[in-house]
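Just so you know, ligand 1 is whichever comes first in the structure, and atom 1 is the first atom listed for that ligand. Computed from a predicted model, the values in this text were never measured in an experiment.
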Amino acid sequence: MEYSKLSVKKENGTAIVKINNPQSLNALDSTILGELDALFTELENDCSVSAVILTGEGKAFVAGADITEMSGMNASQGKAFGEKGARVFRKIELLSKPVIAAVNGYALGGGCELAMCCDIRIASEKAKFGQPEVGLGITPGFSGTQRLPRLVGIGKAKELIYTADVIDAGEAYRIGLVNKVVEPQELMNTAIALAEKIAKKAPIAVKNSKEAINRGMQCGMDEAINIEASLFGLCFATEDQKEGMKAFMEKREAKFNNR
Ligand code: COA
């Protein structure tokens with residue numbers, strides 16, 4: 001499929017997805033949300049892709065949901081827009097492959113929410129994060145009220161959301177919102193190296209680990225332990241488990257085949 005506001009480059013098993021509408025700082029409008037929806041279905045089904053990196057063109061990662069588009073909405077249109085964004089972000093979160101956000105600049109509102117639905121966030125020193133929605137008379141609408149407290153704790157999430165404060169990359173790292181901060185020119189190389197490092201591991205084991213974490217974080221400990229046990233058990237039905245353990249015992253590097 002052709003995308004008008006996204007660019008996609010696939011290299012060595014990693015798909016680099018760039019949100020590409022820099023004149024409005026990559027603000028998320030219905031078109032971009034629809035394109036992300038279609039693209040992540042495509043990436044799920046593309047066996048040549050083992051990891052995804054999400055980044056933005058220009059000085060922003062994403063400067064939020066499109067305020068111009070939202071300005072004329074009534075309550076039911078607002079709800080539908082929020083539901084659409086939340087559904088697309090959940091699809092990204094549940095992709096069966098790792099998704100890394102390479103946050104190049106502003107990640108505000110929907111941009112911060114987009115980064116948070118990724119598995120791992122690498123930030124440029126130029127990145128800025130925040131949920132400025134209450135300053136516009138709305139709540140965060142693409143699941144920020146849910147993912148921010150899960151990542152940084154309830155107290156800090158409430159402070160950030162109620163004040164609409166924008167924080168720099170260093171502070172985002174300090175509170176656990178991002179995994180790593182790097183110089184701007186190192187951002188993509190760092191994200192690609194991370195994707196390639198993960199790609200060397202057993203893909204089904206990575207996928208099952210992601211599923212165990214995602215599902216387990218949503219339920220009580222006993223149920224979560226059972227979820228892990230099932231996914232752990234399923235790994236033993238794979239060729240990669242045989243190869244991984246055989247390679248260890250033979251003191252050589254494992255060669256995984258995603259089977
Ligand atoms: N929705 C729609 N358009 C947006 C946008 C958004 N979320 N964020 C930026 N833009 C547009 C601006 O309107 C401007 O368009 P114009 O050139 O037609 O006037 C263009 O992107 C560049 O933005 P500008 O504000 O001139 O850049 P800046 O460097 O001075 O400021 C920001 C950058 C990110 C601080 C500022 O754009 C901003 O505060 N954006 C809104 C952030 C926000 O509240 N997001 C949450 C939305 S729910």
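Using a non-hydrogen distance threshold of 4.0 Å, M70 registers as a contact of ligand 1. Within the structure, the closest approach of Q131 to ligand 1 does not fall below 4.0 Å when heavy atoms are considered.
Atoms of ligand 1 found under 4.0 Å from any heavy atom of L108, numbered from 1 in the order shown, are 34 (C), 42 (C). Near Q23, the atoms of ligand 1 lying under 4.0 angstrom from a non-hydrogen atom of the residue are 20 (C), 21 (O). Distances below 4.0 Å separate heavy atoms of L136 from the following atoms of ligand 1: 44 (O), 47 (C), 48 (S). The atoms of ligand 1 that sit less than 4.0 Å from any heavy atom of P132 are 43 (C), 44 (O), 45 (N), 46 (C). Distances below 4.0 Å separate heavy atoms of E133 from the following atoms of ligand 1: 48 (S).
Residue K91 qualifies as enclosed at atom NZ: its count of foreign heavy atoms under 6.0 Å is above 12.
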### Task
Give the intermediate values and the outcome of side-chain hydrogen bond (donor to acceptor under 3.5 Å, both in side chains) for residues S96 and E44.
CA-CA 7 Å; S96 68; E44 181 66 61; 2.4 Å; yes

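Side-chain atoms of E113 never come within 3.5 Å of backbone atoms of P140 as a donor-acceptor pair (strictly under, hydrogens ignored).
Looking at G110, A63, G64, G130, it is A63 that brings a heavy atom closest to atom 8 (N) of ligand 1.
Annotation: I138 places no N or O atom under 3.5 Å from an N or O atom of ligand 1; distance criterion only.
Here the protein heavy atom with the shortest distance to atom 22 (C) of ligand 1 is L25 CG, 3.8 Å. With respect to atom 28 (P) of ligand 1, the closest heavy atom belonging to the protein is K59 NZ, 3.9 Å.
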